[in-house]
*Asks:* 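Dropping the structure in here first, questions after.
So that the names make sense, note that chain A is the first sequence line, chain B the second, and so on, each numbered from 1.
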Amino acid sequence: MSLTFDFALPEPTAADRVTLFADVILPLPLPKLYTYRVPFELNDQVVIGGRVIVQFGAKKTLSCIVAAVHETPPKLYQAKYILEFIDDAPVVTQPQLKLFRWMADYYMCTLGEVINAALPAALKLSSESRIQLHPAFSAEENPYPLSEQEQKLVEVLSLEEGKSLTFTDVGEILAINSFHKVIKSLMQKDVIFLFEHLSDKYSPKVVKKVRLAHHFVEEAALEELFARLATKPKQLDVLMRYLQRVPVYQDVHANHRGLEKASLTSSPHLSPSAVNTLIKNGVLEQFDVIVSRFPLDDEPEAKINFTLSEAQTAARDSVLNLFGEKDIVLLHGVTGAGKTEIYIDLIRKALDGGGQVLYLLPEIALTAQIVTRLMRVFGTRLGVYHSKFSDNERVEVWNGVLSGRFQVVVGVRSAVFLPFDNLSLIIVDEEHESSYKQYEPAPRYNAREVALMMANFQGAKTLLGSATPSVETYYQTRAGRWGLVTLTKRFGEAGLPEIELVDTRKQREAKKMHNHFTPELLSEIERKLALKEQVILFQNRRGYSPFISCLDCGWIPKCKNCAVSLSYHKHAHELRCHYCGYHDRMPVECPACGSRNLKTVGFGTEKIEDDLKVMLPAANVQRMDLDTTRAKNSYQQIIADFENQATNVLVGTQMVTKGLDFANVSLVGIINADSIIHYPDFRAHERAFQMFVQVSGRAGRKGKKGKVIIQTADPQQVIFDKVIRNDYLEFYEYEITQRREYGFPPFMRVIRLTVKHVDQPVAEQAAILLTQELVARLRREAVLGPEAPYIFRIRNFYLQEITVKLDREHTVLKHAKSQIQEAINVVKDQKDFKQARIVADVDPM
DNA sequence: AGCACGCCGACT
DNA sequence: GTCGGCGTGCTC
């Protein structure tokens, strides 16, 4: 029997029939995507890279990013519906999604973690459960008795009509943790009700403006108005001022644009109430405009035509030439060789070609100095992405990149997450910097590597810049894969500083040390100060002393959460843990034996500052480290003071090594070089070399030859010889041989696995099992450890480390990572190890 | 990450 | 006897 119909049913169009599903990225550390169903009538609203709101689990409402749209219904479960669409255009672009996937893969973390790190908090809608008094509730007629706590809540909620509280608020008000019970009970009694409140946290900056009501923009009407206000001098004043500032007749649009209300009300001669009266009477009308937090400079882009020196021009041309055949070029230029001008020139060229540019800098190098300089050249096309920015500002940069308003972004590590889709150039300045690598939390990414991958995806060129390139990077240029341009000449003809090593051991034996100063360093400081020149002293440890000790019983205060001694901070009069933040008052007497003989051992920036103030009372000493720059503008203040020569000596940690150009600094002192060299890590020498060269670069600029004094107990160490001659190549050759011999990057890849557990034996057992599982899956010699790190307990977790060394090859690496993940899962599935945390750090630094 | 369900100690 | 602690598992 035939079932064919010979009449045509109205053919449903394909679009009507399709049931769409969306795979979404939840901002949570979950290993996979979740599939939701698109409400039929909203099929045309799904945007890949757009945000949607979904119900996740029983209670949570989350916003997430659509990663894929398809028609395959999940087989094993019923998909829930997407509740709402937030965006009609992607907030995350396709190239970004591709990059984020690569990051999750490469750094062994989840897409959710990447998204979490990438999106400014304000772009992540937050779900807040709020409670409100039930509309039918009345205190008099309430039939249920209320507990004391319930009563308290009701009182707060009754304070004003429609007042609502978040759970966090409730917790604070009641000052207990188990407030859910109270809320539940109040809901059962119909006293309150609960609602989910999803709010877009980004709030645009709004300015109140006023303008003349349009019917007065006509001579006759205005004259009449003047006559009417003749008896109201205050209002007349305001009106006159307005007309003065806004040429209503000359420019029809001028009145429409209006004037900032604040400019009328804040004037001392004008009365704010007169302004309001005018508004009330309909003479002026008030309106809001959304303005940018980044002031749009009205001035046209200043054409700053600085000229490149001959060496700079040659270097720039070489870079451009190499870009013809290579995607990545290293610009190796000594400090002060003028790399920034070359960058600016290249950025300009890239912009002229219509592409976007990302310029990455380490956090401490992204100073107001450099931003101002770039602003002057690129004006409103420049976006700045700094970690100290507020979230609203970050969203503005994000949206500015999306809309095309910002063509160049200068930013720190996290700027690699911005939604570029048409990059033509990425600059990674100070590419060797370890601060490009994020340690905690996941994704543990290196912005330099991410930048290289992003450039690769978008067909952009990458320029890496450094005075002391990382061994890995230099190796690539040696292997011919990346281009190399060397810039040796210092800009402005200043020669390289003279470097002198001073033997602290010898001086100590001769009893000639003044605290931690050798006579050589001290007299040189005095000499420079007498010449009205400035001095930078580098000590890579903050605080006053790394620990204190009781002279009578030997007691040393330790952190109660970590396996470290507490550092003494004199100004705060505190003992502090640099790992978990625990702090306590400095004891007056030893809690173990009651002795008052507590002495400090070792030294940090604070002690150097203190000692110097005592030894050279005439000098104006300032300290710059994490402790003195925590407050918002203190960093700028310290820099400004030093620049204006209000201070003569700057004592600091790594902060003094980066991005600062001071013309008058003629001496740099490294107080304790040994503490930088002796570090249990294969990168110790590289780091030390870089640090010494970078600090030395601060000495002598603008024609003055500087001097560097390095204090060390062992001047014979091989590294000094290379530092003194500023011989990067020799350092590199020495280092690369070591790396090859011992199988370290760039010859091998390192993945460090850390097992954490509150119980030391459990941590050890879990690490042993993990090692076994790894060995079973990888080459035996690829797995090293487990071993407790030097600081074996942090924040109450005992640590065990396993190091995996792998061949560089991509396929090997990828396979190995999945093997490692498997091994981790095996351990985590064991009952005893459920509480263990296992963290993988790919390419640790 | 939260949040719910589920099994062992100090209280009405 | 219960309340409530957190350990374990799940979320489309």
*Asks:* Taking CZ from Phe56(A) and P from dA4(B), how many angstroms apart are they, rounded to a whole number?
*Replies:* 14 Å
*Asks:* Which of the following nucleotides, dT8(C), dC12(C), dA1(B), is nearest to the side chain of Lys834(A)?
*Replies:* dT8(C)
*Asks:* Rounded to the nearest angstrom, tell me the gap between atom CD in Gln55(A) and atom C1' in dC10(C).
*Replies:* 14 Å
*Asks:* Could you tell me how far apart Lys831(A) (NZ) and dT8(C) (P) are, to the nearest whole angstrom?
*Replies:* 6 Å
*Asks:* Looking at Val839(A), Thr803(A), Leu774(A), which one forms a side chain to side chain contact (heavy atoms under 4.5 Å, CB included) with Leu753(A)?
*Replies:* Leu774(A)
*Asks:* To the nearest Å, give me how far apart CZ (Arg837(A)) and C1' (dA1(B)) are.
*Replies:* 12 Å
*Asks:* How many Å lie between CG on Asp23(A) and C1' on dC12(C), as a whole number?
*Replies:* 9 Å
*Asks:* Round to a whole Å and report the spacing from CG of Leu30(A) to P of dA1(B).
*Replies:* 9 Å
*Asks:* With the side chain of Lys32(A) defined as its heavy atoms from C-beta on, choose the nearest nucleotide among dG7(C), dC12(C), dG9(C).
*Replies:* dC12(C)
*Asks:* Output the rounded distance in Å from CD1 (Ile115(A)) to P (dA1(B)).
*Replies:* 17 Å
*Asks:* Just to confirm, is there a sub-4.0 Å distance from OP1 or OP2 of dC12(C) to any side-chain nitrogen or oxygen of Lys80(A)?
*Replies:* yes
*Asks:* Look at the side chain of Ala79(A) and decide which nucleotide, out of dG9(C), dG7(C), dC12(C), has an atom nearest to it.
*Replies:* dC12(C)
*Asks:* Just verifying a value: how many Å separate Ile82(A) CD1 and Arg51(A) CZ, rounded to the nearest 0.5 Å?
*Replies:* 14.0 Å
*Asks:* Distance check needed: dG9(C) P versus Asn825(A) CG, whole Å only.
*Replies:* 14 Å
*Asks:* Looking only at atom types and distance, does a side-chain atom of Lys828(A) sit under 3.5 Å from a main-chain N or O of Ile838(A), one as donor and one as acceptor?
*Replies:* no
*Asks:* Would you call the rings of Phe56(A) and Tyr34(A) parallel, tilted or perpendicular if under 30° counts as parallel and over 60° as perpendicular?
*Replies:* perpendicular
*Asks:* Respond yes when some side-chain nitrogen or oxygen of Tyr77(A) is under 4.0 Å from OP1 or OP2 of dC12(C), and no when none is.
*Replies:* no
